[in-house]
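One-based numbering, in listed order, for ligands and for the atoms of each.
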Amino acid sequence: MSNSQKLNGQKVIIIMGPPGAGKGTQAELLADKFDLYYFETSKILEEKFREIKKNDFIEVEGKKYLLKDEKKLWEKGNLCSPPFVTYLVKEKIKELFKEGKDLILSGSPRTLYEGKGIIPLLKKLYKAKNIKIILLDVSAEETIFRNSHRRICELMRHPILYSKETVKLKRCPLDGSRLVKRGKLDKPETIKVRLKEYKERTFPLIEYFKKELLKVKKINGSHSPAIVFENILKALR
Ligand SMILES: [Zn+2]
C-alpha cells in the first residue's frame, strides 16, 4: 500500500538549482508523496540508446541527428545536441500526459533552448497554473563543499549528500551497499566548471519562466533534506 496523495488536476513540478543543491533527493521525496512520475532526461536517453541500428536518426527542423553520434557524445560525458534532447523530451512528455501522469522534473530543462522547447508544450498540456517551479538556493561555496564531500553507493549509485546525519553512514540506507566517492565528476575543478555552466546556461531559465508567467518559489537549500522538503511542501500549498 502506498500512502501517496493525489494533487488536484494534472500537475508538473520542476526543481531547479545548482549541482549539489539536492534536487534529486527532493524530487524522489515529492514523487513518492504525490505519486508523480520522476522525469529524468538521462533515463530517456539511456532507453533510446539501448538498441540502435546503424543509421537510425531523428530529424529536427530539417537537420538529421544520428543516434550513434549522439550516443558517442553521451558516453564521453558530453551533453547531447539540444535539439535532439528537446525532441525526445517533448515526445516523452506527450506520452506521459496521455497516460494521465503528473510529472516531476529535476535537472531538466538545462538550457534556454530546451526550456523554450518544452515550456510551451507543458503549458499547452498542463496549463500554466498547474506548473510549479522550485528553485533550491545554495551558495557556490556550499555547492563546492557538498559536491566534493558527496558519496554514492556502489550498487545503485544513490547519491548521499553530506550532512550531520549522513556523515557517519558507511552503507547505503536503501540497499546496504558500500558508499564511495564519485571520482572525477566531484573533483573541485570539475565542480567549478559545472557551476559555471549552471550560472551561464541554466540559471537564465529562471527569468524565462517568469516571462512565461510561471511561478518560481525560492527555497533555502542549505538546510537538511527533511527541512528543505517541509519548506517545499509549504510552498506548494
Ligand atoms: Zn544505494
Side-chain angles (χ1 to χ4, degrees), residues 1-5 13-50 71 74-80 85 88-89 92 96 101-108 110 134 136 138 142-191 193-195 197-198 202 219-233 236:
M1 257 300 280
S2 143
N3 61 355
S4 62
Q5 305 165 11
I13 301 174
I14 301 174
I15 308 232
M16 302 287 292
K23 296 185 291 293
T25 306
Q26 296 300 328
E28 271 178 37
L29 290 169
L30 286 162
D32 218 41
K33 180 151 180 90
F34 296 117
D35 194 19
L36 310 168
Y37 180 94
Y38 183 11
F39 193 102
E40 288 175 284
T41 308
S42 60
K43 280 213 178 121
I44 294 167
L45 291 172
E46 244 170 81
E47 228 171 78
K48 198 77 203 165
F49 293 146
R50 203 169 294 145
K71 188 178 182 177
W74 182 68
E75 281 172 343
K76 280 190 280 178
N78 293 317
L79 292 175
C80 294
V85 176
L88 291 181
V89 166
K92 187 73 183 177
L96 292 165
K101 296 269 192 345
D102 296 324
L103 309 180
I104 181 144
L105 281 70
S106 92
S108 175
R110 197 165 292 190
I134 301 287
L136 293 179
V138 180
E142 180 139 11
T143 295
I144 291 168
F145 179 83
R146 279 193 186 183
N147 280 269
S148 52
H149 289 75
R150 184 219 303 263
R151 292 174 298 166
I152 53 165
C153 81
E154 268 184 334
L155 191 64
M156 300 293 290
R157 312 188 73 73
H158 291 124
I160 308 291
L161 286 183
Y162 179 90
S163 74
K164 264 181 268 158
E165 295 93 64
T166 60
V167 68
K168 283 164 277 172
L169 280 181
K170 293 258 177 342
R171 294 191 169 268
C172 175
L174 299 170
D175 54 48
S177 71
R178 278 200 327 138
L179 299 180
V180 294
K181 286 231 169 183
R182 215 164 55 139
K184 208 176 153 205
L185 265 183
D186 287 337
K187 285 226 164 69
E189 314 84 76
T190 317
I191 296 160
V193 173
R194 288 167 61 210
L195 262 177
E197 285 268 81
Y198 171 77
T202 308
I219 302 282
N220 182 344
S222 58
H223 299 299
S224 73
I227 290 172
V228 173
F229 185 55
E230 275 309 309
N231 290 334
I232 290 177
L233 293 182
L236 288 176

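Arg178 meets the side-chain hydrogen bond (donor to acceptor under 3.5 Å, both in side chains) test with Glu154; sequence neighbours excluded. Every salt bridge (charged side-chain N to carboxylate O under 4.0 Å, His left out) that Lys43 has, sequence neighbours left out, goes to Glu40.
For the atom pair Leu103 CG and Lys101 NZ, the distance stands at 9.5 Å (nearest 0.5 Å). For the atom pair SG (Cys80) and CZ (Phe49), the distance works out to 4.5 Å, reported to the nearest 0.5 Å.
Vertex the Zn ion (ligand 1); arms to Cys172 SG and Cys153 SG; angle rounded to 10 degrees, 120°.
Looking at Asp175 and the Zn ion (ligand 1) together, the shortest N, O or S contact belongs to OD2. His158 contributes atom ND1 as its closest N/O/S atom to the Zn ion (ligand 1).
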